[in-house]
There are 2 protein chains.
Amino acid sequence: MRYSRQRELITDIIKNRCDHPTADMIYGSAREMEPNISLGTVYRNLKLLADEKEIITLETEDKKIHYDGDTSRHSHFICSKCGNIIDLFKPAKTPAEIEELGLSITGEKCIYYGLCNLCANETIE
Amino acid sequence: MRYSRQRELITDIIKNRCDHPTADMIYGSAREMEPNISLGTVYRNLKLLADEKEIITLETEDKKIHYDGDTSRHSHFICSKCGNIIDLFKPAKTPAEIEELGLSITGEKCIYYGLCNLCANETIE
DNA sequence: ATAATAATAGTAATCATTACTGATAACGAT
DNA sequence: ATCGTTATCAGTAATGATTACTATTATTAT
């Protein structure tokens, strides 16, 4: 894999964000530094980085892939009202039980749904 | 919500399958009973049933929505080779911990990835 | 520096899903 | 039971995120 300025930029953007941006959002950020960068380049590199396990993908109900630069074991909480994605601490509870079935776990995606604090308060008011 | 023969058929199909079919697969099954049923009808009713929480959706890496007629708390194991989806027992371990953060959980999606038994054996041979 | 070729910008194509439209069917009121 | 209202349907067109394609540019080993 050759070096490319564009890929380094995309990697930096994801690794330095604590939200879970879509390709389009990353494209927007990238254009601030690299105005001519192509959306296709963003998608191609996101897929590359995901294949290399440099980043994680989250398939959500908004039909867009969200990317996460934090590859440590952790799960996510998605607000069912606003769709906001919040990082949760490492759960990793049942894997042992699952491996007793003969299934070897190489990754996990654990998502909980509900209202985030902001939206829960909104509803009350 | 009015009764419709098509919706009943779609509901029956999902509830009586233990796999996690896509809209297209359900459409295929439905056409065996109802040859003129429309793909749009299948999609519309799947969305309706999901909104009513009669069924569950699974957003996976194959970019297709998979549907699950079992709405009881359970998680899924997806083979990263063949994409096969296997039901797992109820994990539901950390919700209490999560709710301590002030987040109220109304649903969860917990997916583990790895090789299913079939694919694991294939690799060895 | 040069050649070989990975990576890019820009655009076209793909494909799951959704929206639209005129026809059909469910069902409460008569 | 028929009628009128309107949800639902079949069929098709549109949408939109993602991927593929192509000519050009940039990286890197020699």
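Quick note on labels: first sequence line is chain A, next is B, and so on, each numbered from 1.
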S.K.: Quick one: on DNA chain D, does B/K63 or B/I37 contact a more 5' nucleotide (nearest heavy atom)?
M.R.: B/I37
S.K.: Check this one for me: any side-chain N or O of A/Y43 less than 4.0 Å away from OP1 or OP2 of D/dT18?
M.R.: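 Looking at the OP1 and OP2 atoms of D/dT18, one of them is under 4.0 Å from a side-chain N or O of A/Y43.
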S.K.: In whole Å, I'd like the distance from the CG atom of B/D51 to the P atom of D/dT8.
M.R.: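 After rounding, the reported distance stands at 12 Å.
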S.K.: Quick one: is A/N36 getting a side-chain N or O under 4.0 Å of the D/dT25 phosphate, OP1 or OP2?
M.R.: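 Result: no.
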S.K.: Quick one: B/L9 CG to D/dC9 P, roughly how many Å, whole number?
M.R.: 11 Å
S.K.: Do the side-chain N and O atoms of A/D62 and A/T60 include a donor-acceptor pair separated by under 3.5 angstrom?
M.R.: yes
S.K.: Can you find a side-chain donor-acceptor pair between A/R17 and A/S29 that sits under 3.5 Å?
M.R.: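 Note: A/R17 and A/S29 side chains meet the donor-acceptor criterion.
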S.K.: Without decimals, in angstroms, what is the distance between A/D62 CG and C/dT18 P?
M.R.: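 The answer, rounded to whole Å, is 12 Å.
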S.K.: Between C/dT14 atom C1' and B/K64 atom NZ, what is the distance in whole Å?
M.R.: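 My rounded result for the distance is 13 Å.
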S.K.: Quick one: is C/dT8 close enough that its OP1 or OP2 comes under 4.0 Å of any side-chain N or O from A/S38?
M.R.: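 For C/dT8, OP1/OP2 do not have a side-chain N/O of A/S38 under 4.0 Å.
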S.K.: With no hydrogens and no angle check, do the side chains of A/H76 and A/D68 hold a donor and an acceptor under 3.5 Å apart?
M.R.: yes
S.K.: Honestly curious: do A/I10 and A/I55 fall in one hydrophobic cluster under the side-chain, below-4.5 Å linking rule?
M.R.: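 Linked, A/I10 and A/I55 end up in one cluster.
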S.K.: Answer with base, sugar-phosphate or nothing: what part of the nucleic acid does A/D24 contact at a heavy-atom distance below 4.0 Å?
M.R.: nothing
S.K.: Distance check needed: D/dC9 C1' versus B/L46 CG, whole Å only.
M.R.: 15 Å
S.K.: Please state how far atom CZ in B/R31 lies from atom C1' in D/dC9, giving the value in whole angstrom units.
M.R.: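 My rounded result for the distance is 15 Å.
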S.K.: Using a cut-off of less than 4.0 Å, is there contact between a side-chain N or O of B/Q6 and OP1 or OP2 of C/dA25?
M.R.: no
S.K.: Round to the nearest Å and state the distance from B/E34 atom CD to D/dT8 atom P.
M.R.: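 Answer to the nearest Å: 16 Å.
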S.K.: Between A/A23 and A/L39, which heavy-atom pair has the shortest distance, and what is it?
M.R.: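 Smallest heavy-atom distance, with atoms named: O-CD1, 4.4 Å.
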S.K.: Would you kindly compare B/R44 and B/H66 by the position of their nearest DNA chain C nucleotide and give the one closer to the 5′ end?
M.R.: B/H66
S.K.: Will you find, in the side chains of A/D70 and A/S72, an N or O donor that is under 3.5 Å from an N or O acceptor?
M.R.: yes
S.K.: Check B/T57 against B/Y67 and note the closest heavy-atom contact, atom names and distance.
M.R.: CG2-CE2, 3.8 Å
S.K.: Would you say D/dT18 has OP1 or OP2 under 4.0 Å from some side-chain N or O of A/K47?
M.R.: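 No, no such contact exists.
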S.K.: Which of these nucleotides, D/dT18, D/dT8, C/dT8, is closest to any side-chain atom of A/L39?
M.R.: D/dT18
S.K.: Whole angstroms only, please: what is the CD-C1' distance between A/E61 and C/dT17?
M.R.: 15 Å
S.K.: What are the atom names and distances for every N/O pair under 3.5 Å that joins the protein to nucleotides 26-30 of chain C?
M.R.:
| unit_1 | atom_1 | unit_2 | atom_2 | d |
| --- | --- | --- | --- | --- |
| C/dA26 | N3 | B/R2 | NH1 | 3.3 |
| C/dC27 | OP1 | B/Y3 | N | 3.1 |

S.K.: Would you classify A/R7 as touching base, sugar-phosphate or nothing, given that sugar-phosphate means primed atoms plus P, OP1 and OP2, and contacts are heavy atoms under 4.0 Å?
M.R.: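 Answer is sugar-phosphate: A/R7 comes under 4.0 Å of backbone atoms only.
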S.K.: Quick one: does A/H66's side chain get under 4.5 Å of A/D19's, heavy atoms only?
M.R.: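 A/H66 vs A/D19: side chains apart.
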S.K.: Quick check on DNA chain C: between B/I65 and A/N45, whose nearest nucleotide comes earlier from the 5' end?
M.R.: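 Its nearest nucleotide lies further toward 5', so the answer is A/N45.
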